[in-house]
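Side chains included, hydrogens not; waters and symmetry mates left out as well; all remaining heavy atoms used. Convention: sequence-line order gives letters A, B, ...; per-chain numbering from 1.
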Amino acid sequence: MDKYIPQEIEKKWQKQWEEQDVYHTEADPSRPKYYALEMFPYPSGNLHMGHVRNYSIGDVVARFHAMSGYNVLHPMGFDSFGMPAENAAIKHGVKPSDWTYSNIENMIRQQKEMGLSYDWDRKVLTCREDYYRWTQWLFELFYKRGLAYKKKATVNWCDTCGTVLANEQVIDGKCWRCDSKVEKKALSQWFLKITDYADELLADLDKLEGWPERVKTMQRNWIGRSEGLEFELPIEGMDEKISVYTTRPDTAYGITFVALAAEHEIIDKLCENNPRAEAIHAFIKKVQDQSDVERTSEASEKEGIFTGVYAINPFNGNKVQLWVTNYVLADYGTGAVMGVPSGDTRDWMFAKKYDLPIILTLQPKDKELKLEEMDTAYVEHEGRLVNSEQFTGMDMHEALHAIIDYAEEKGFGKRKVNYRLRDWLISRQRYWGAPIPVINCPHCGEVLVPEEDLPVKLPEDVSFEQGVVSPLANSESFVHCKCPKCGADATRETDTMDTFICSSWYFLRYTDPHNTELPFAKDKVNYWAPVDQYIGGIEHAILHLLYSRFFTKVLRDAGLLDFDEPFTRLLTQGMVIKDGSKMSKSKGNVVSPEEIIGKYGADTARLFILFAAPVDRDLEWSDQGVEGAYRFLGRVWRIMLHFADAIKAGQDDYDVKALDKEEKELRRQLHIAIKKVTNDVKDRFMFNTAISTLMELVNDLYKFQNRELNAGLAHETASALLRLMAPFTPHITEELWHRLGFAGSVHQQSWPTYDEDATKASTIEVVLQINGKVRDKVTIDAGLSREAMQDVVMQLPRAKELTEGKTIVKVICVPKKLVNIVVK
RNA sequence: GCCGGUGUGGUGGAAUUGGCAGACACAGCAGACUCAAAAUCUGCCGCCGUCAAAAGCGUGCCGGUUCAAGUCCGGCCACCGGCACCA
């Protein structure tokens, strides 16, 4: 008998599928569509196991839906702008484009070796002119809609990367890519106004039922919406007011000071003719010399300096001190905070340190607080107000709203919603990215490059050297240009866009990848998108997934598409772990996909990775586990060929009544397996249990290896088994499909269906329980009534023995499952 | 601190609606085949106990609801992830 040699059959079928273009897709409004998408990779040069896992999952989803009758879009591309290409240029003197394209070529070869069902004709590379032209076009669309603007701001600077970073790209004060410490710099940079969409980005998370809870939670945290009151305190002796924001207006009668951020603009005015001015400026300098990390760390002490100036609490007319502090954030709320020591832990500590007064305004129900006995603030959201004039005695929640109403009525405050989310900084001082299509004219100011002049191409006369910031600024041919409006000599923007812009719309481009008139045609995008199932790593929970949602909403408002959310369902796969930690070169625990595929074949690699753990959990790599997957495929191979004659002789239509008892049971297991695998793949994404079901079915088939098997049943079983396995292991199933005489490609067959009646057994096993403990089992006729079943079980010797001399309190009978006798 | 997730044999994991805990696989042990080995096929495999059985124990911990709890409720613990001086 032929041996299973994956290397031969995989090559053969990959070639044939490619030649016959079997994965080509066209939009077809008469058919239901399914868009399955894996996050496109950065072209680092080689696939790693995380990729293999990602694509294996996606391929099962895509192939399953294709077999289930959907018109499936399953594309692949490369997120091919970015720093590593530039680093390669600096280190090895290769052009970023050459480095990138050769990496892409190698990775596509590896992806093809996996046997993935991509429509390669739709390949999207973000670094190609035919793509970044539309990235620039979209930037201009944002600009025209008032959503792209340039401003001078304190931004995050990574010196190692020689560029700025978005807030989302700063993780624990460090650069998301190179892990080096992020500094603050004041620069004029481009931003996208994602905050305009904060409310919708938050609210629509509730619509995303197919998203993991933790991803939605992360986005909620990141957006950080809060509701409260913004109100003004007049400054004593000056014609100025200071605005503060609070989520606890119910504590407003307890204000004893106001804390200002060191950067607050009113400080200059407060310092005029102020004997303390010098000390105040010295304090501010000290604060600003601290890094962001130091400043915001839990450990750093809250410090401040009294300005000598007082503000008036508009609620009760109290005089309160104005302090400059190191703990109030300049860019959140108003940059000034009301200080209520009795109701806020930080304010309490601050007041204790500088001996500021404390007023209690809230009493809990179950105990009575006394200021002199308290050693921290009372921060619970529960209780009744005290010392709060007309609001005294009111419940805290009621008072919160009543006090806002009062402030609005009196005209010194208003309801306000604040967000933690900041606008998206998109300028990057790097070469290998999409140039920002703006020209700076000495007369006209900032001017968009006319649409017909797009793309603004990356120049070739660029030298890459260590430490050079903004390579484009050093390119003569790039910088100098004419103003499109007035024709005067002008200069170009020399920053490129954050690569997260490129990846915020690539999934839309797949729907119409060759369009030269628009980024995508509306009918095509509306047919294919939104993505039905998106699959990728949790590391993109905020960055890419939030940005893509933002883009989708803006493009909807611009009329380019008709849906609100880009990804209907999201699956965040777990990491691939070896010896307890993520595979990485530095840890030396990397297993190369190429090696595994070379040794065992792609089918084994895919099967193992899908079987070893549920898709959303981390997966511990096991060489022995891979062996096990390979063994299973060998078992399938042998048992299928063992029954080859019967399978070929059998027909789709055969006399099921002619089957003997064992054969009937095999057929029953087959139909149970079809039901279970379908359910696991379609609704639950439980590929590990789907595969275990297939293994059980194969085990059942082995019970027949030393006896005859009905040809009709052999045929039915092989046909269904190969189709059930096809999405997981596309090559071996295709090979066996042909060898066993089935027509066409297994991948173009319809998904097997099951006969509910065929899954039913004629006899069932029921359990005898005494006081909830299993004491015996008995096989009964499946057709027995509840009463008859109970009688049979009650008559069991074990039942009699164990109830003898005891009182039967109760008998619970669960049809077809168990009888529980409760005795005393 | 707030939010989310996870916790089951030697190991990865299963148990979908409260109804036989441990499917499937890895590792291990044994048998068949073989001169032998590999490969393959078959069987055993939670702990304790027993010649074998029975009984008992067992899903992070404590308690509760229920005839019945891995699953529901209350209270903890540990680990992982996110947010955090956001007023």
* Just how far, in rounded Å, is C1' of rC26(B) from CG of N688(A)? -> 15 Å
[X] bridged to [Y] by N-O distance under 4.0 Å:
| X | Y | result |
| --- | --- | --- |
| D791(A) | R786(A) | no |
| E227(A) | R225(A) | yes |
| K675(A) | E756(A) | yes |
| R220(A) | E213(A) | yes |
| D204(A) | R549(A) | no |

Aromatic rings [X] and [Y]: how do their planes relate, parallel, tilted or perpendicular, breaks at 30° and 60°?
| X | Y | value |
| --- | --- | --- |
| W637(A) | Y4(A) | tilted |
| F350(A) | W323(A) | perpendicular |
| H397(A) | H381(A) | tilted |

[X] side chain, from C-beta outward: closest of [options]:
| X | options | result |
| --- | --- | --- |
| T689(A) | rA27(B), rC85(B), rA15(B) | rA15(B) |
| M695(A) | rA14(B), rG56(B), rA25(B) | rA25(B) |
| S692(A) | rA15(B), rC41(B), rC24(B) | rC24(B) |
| R631(A) | rC41(B), rG56(B), rA27(B) | rA27(B) |
| E765(A) | rC20(B), rG4(B), rA15(B) | rC20(B) |
| V767(A) | rU16(B), rC85(B), rC20(B) | rC20(B) |
| R346(A) | rC85(B), rU40(B), rU42(B) | rC85(B) |

* Considering all heavy atoms, the nearest R248(A)-M396(A) contact -> NE-CE, 3.7 Å
* Shortest non-hydrogen separation from F283(A) to V324(A) and the atoms involved ->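 It is CE2-O, 3.5 Å.
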* With heavy atoms under 4.0 Å as the rule, sort N418(A) into base, sugar-phosphate or nothing. =>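 It contacts nothing in the nucleic acid.
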Between [X] and [N], does any side-chain N or O lie under 4.0 Å from OP1 or OP2?
| X | N | value |
| --- | --- | --- |
| R617(A) | rG5(B) | no |
| S226(A) | rA87(B) | yes |
| Y702(A) | rC41(B) | yes |
| R798(A) | rA54(B) | no |

* Asked: What stem regions, each of at least 3 consecutive Watson-Crick or G-U pairs below 3.5 Å, can be found for RNA chain B?
  ->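 If one scans RNA chain B for consecutive Watson-Crick or G-U pairs, the stems found are B:1-7 with B:77-83, B:10-12 with B:24-26, B:28-32 with B:40-44, B:60-64 with B:72-76.
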* Could you tell me whether rG9(B) is syn or anti, where syn means a glycosidic angle within 90 degrees of zero? => syn
Between [M] and [N] - [atom1] atom distance, rounded Å:
| N | M | atom1 | value |
| --- | --- | --- | --- |
| rC80(B) | rG31(B) | P | 45 Å |
| rG43(B) | rC47(B) | C1' | 22 Å |
| rU59(B) | rA21(B) | P | 12 Å |

* What about K676(A): does its side chain form a donor-acceptor pair under 3.5 Å with the base of rU16(B)? -> yes
* For RNA chain B, determine which residues of residues 331-339 of chain A have any heavy atom closer than 4.0 angstrom to one of its atoms, and list them numerically. => Y332(A), V337(A)
* Reported OG1-to-NE2 distance for the pair T572(A) and H540(A), which is rounded to 0.5 angstrom -> 12.5 Å
* To do: Determine, for Y327(A) and R346(A), whether the Lys NZ or Arg CZ falls below 6.0 Å from the six-membered ring centre while staying within 45 degrees of the axis.
  => no
* What string of B, S and - do you get for nucleotides 63-83 of chain B, 5' to 3', when a contact is any protein heavy atom under 4.0 Å? -> ----B-------------SBS
